[in-house]
There are 2 protein chains.
Amino acid sequence: MILRTSTDIGNLVRDRRKGRGWTQADLAKRLGVSRLWIVQLEQGKDTAQVGLVLRALNELDVPVQVDLQSAASMRSGTSYREIPFVDIDNIIREATGPIKR
Amino acid sequence: MILRTSTDIGNLVRDRRKGRGWTQADLAKRLGVSRLWIVQLEQGKDTAQVGLVLRALNELDVPVQVDLQSAASMRSGTSYREIPFVDIDNIIREATGPIKR
DNA sequence: ATACCATGTTAGCGAACGATGACAATTGCA
DNA sequence: TGCAATTGTCATCGTTCGCTAACATGGTAT
């Protein structure tokens, strides 16, 4: 699922919150924000502070990720990053065994 | 790549902007924000308005997505990750300074 | 019907945003 | 080295955030 607007975020937050059986007051208390802020976030308020939004998504176990492979700046021809990609998860896995998820 | 904090977003924005050869003023003009706002965003300002941040990422062709499958599995497991998260990009950045392009 | 709970709305207030403009510091190139 | 472009910092100002408190609305069960 791709997030383009604050409305997308609002819908996602509401779904995830309800999926856990939490009230707006529950989530607000966990985040240390007011219930009013949760109401407005779920309504798609686009002036909400990004730090609070990220904390909300983290609290709801929603990993926010970007796929730079499909991103468009690779078009330019010049290489985006001269340092080779390193998958730290694989390195850790080989050293210590499987990562619990 | 997973975005957890505003610092992650700041680093990403800076990398993508430079990858396109844009100045801060260029990006600011495209977004209709001040250059100061771009400076602070790239510095990881966590009080930036989420709507503007999403517009910045869209302008830089960075698709923001969530993987609800892994989110569900994270919830069911006893612990999400026993090994501390390591951001290899930040390690490289701090060790080498800005990446030349 | 009514008691209860969750959600939505409004008003007022202190705090902080984002803008502008100017200047300093840094980077890159001839 | 020296110059120009880019980036970082600061002060000020109008606007708006997020908070608290109170009240309204909607759904549910007894």
Side-chain angles (χ1 to χ4, degrees), chain A residues 3-60 62 64 73 76-83, chain B residues 3 5-60 62 64 89-90 92-101:
Chain A
L3 301 181
R4 300 186 188 283
T5 67
S6 346
T7 301
D8 295 338
I9 295 178
N11 292 331
L12 176 61
V13 167
R14 171 168 277 250
D15 289 347
R16 298 288 291 174
R17 174 179 64 79
K18 293 205 165 187
R20 302 198 147 192
W22 293 352
T23 67
Q24 292 176 344
D26 291 334
L27 181 56
K29 189 170 187 179
R30 284 174 168 268
L31 296 177
V33 299
S34 68
R35 187 177 64 83
L36 175 58
W37 189 83
I38 301 292
V39 172
Q40 293 171 332
L41 174 67
E42 293 186 353
Q43 288 173 346
K45 183 175 193 176
D46 63 357
T47 54
Q49 299 184 3
V50 68
L52 296 179
V53 174
L54 287 178
R55 277 184 21 214
L57 294 178
N58 287 335
E59 191 66 30
L60 293 169
V62 176
V64 179
S73 81
S76 61
T78 62
S79 72
Y80 164 62
R81 176 182 288 283
E82 296 175 0
I83 296 176
Chain B
L3 301 181
T5 67
S6 329
T7 301
D8 295 338
I9 295 177
N11 290 331
L12 175 62
V13 166
R14 170 168 277 248
D15 287 348
R16 299 288 292 173
R17 174 179 63 80
K18 291 205 167 188
R20 302 200 148 191
W22 293 352
T23 68
Q24 293 176 342
D26 291 335
L27 180 56
K29 189 169 187 178
R30 282 173 169 268
L31 296 176
V33 300
S34 68
R35 188 176 64 83
L36 175 59
W37 189 83
I38 301 291
V39 172
Q40 293 171 332
L41 175 67
E42 293 185 355
Q43 289 173 346
K45 183 174 193 177
D46 62 359
T47 53
Q49 299 185 2
V50 67
L52 296 179
V53 174
L54 286 179
R55 273 175 36 204
L57 293 178
N58 286 335
E59 191 66 32
L60 293 167
V62 176
V64 179
D89 280 358
N90 278 332
I92 294 174
R93 197 186 318 278
E94 291 171 8
T96 64
I99 296 172
K100 300 287 180 59
R101 300 174 197 286

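Keep in mind the model is a prediction, meaning the values are calculated, not measured. Quick note: numbers below take in every heavy atom, side chains included, and nothing from hydrogens, waters or symmetry partners. Protein chains get the first letters and strands the later ones, always in sequence-line order, with residue 1 at the start of each.
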How close or far is atom [atom2] of [N] from atom [atom1] of [X], stated in whole angstroms?
X: D15(B); N: dT7(D); atom1: CG; atom2: P; answer: 13 Å
X: I38(B); N: dT9(D); atom1: CD1; atom2: C1'; answer: 16 Å
X: K45(B); N: dG18(C); atom1: NZ; atom2: C1'; answer: 7 Å
X: D46(A); N: dC17(C); atom1: CG; atom2: C1'; answer: 14 Å
X: W37(A); N: dG18(D); atom1: CH2; atom2: C1'; answer: 10 Å
X: K29(B); N: dT6(D); atom1: NZ; atom2: C1'; answer: 16 Å
X: R17(B); N: dT27(C); atom1: CZ; atom2: C1'; answer: 13 Å

Indicate, yes or no, whether a donor-acceptor pair under 3.5 Å links the base of dG21(C) to the side chain of R35(B).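 No pair found.
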
At under 4.0 Å, does any side-chain N or O of [X] touch on OP1 or OP2 of [N]?
X: Q43(A); N: dT7(C); answer: no
X: K18(B); N: dT6(D); answer: no
X: Q49(B); N: dC17(D); answer: no
X: R14(B); N: dG8(D); answer: yes

Look at all strands and tell whether Q40(B) reaches a base, only sugar-phosphate, or nothing, counting heavy atoms closer than 4.0 Å.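 Result for Q40(B) = nothing.
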
Which one, [options], comes nearest to the side chain of [X]?
X: S34(B); options: dC19(D), dA19(C), dT7(D); result: dA19(C)
X: L36(B); options: dA11(C), dG18(D), dT9(D); result: dT9(D)
X: T47(A); options: dC17(D), dG18(C), dC19(D); result: dC17(D)

Axis bend over the full length of the helix from dA1(C)-dT30(D) to dA30(C)-dT1(D), computed from five pairs that close each end, to 10 degrees: 50°

Run L27(A) and E59(A) through side-chain contact (heavy atoms from CB on, under 4.5 Å) and show every step you take. CA-CA 8 Å; L27(A) 181 56; E59(A) 191 66 30; 4.2 Å; yes

Over all atoms of both residues, closest heavy-atom pair of W37(A) and V53(A): CH2-N, 4.0 Å

Distance-only, no hydrogens or angles: does the R16(A) side chain make a donor-acceptor pair with backbone N or O of L60(A) under 3.5 Å? yes

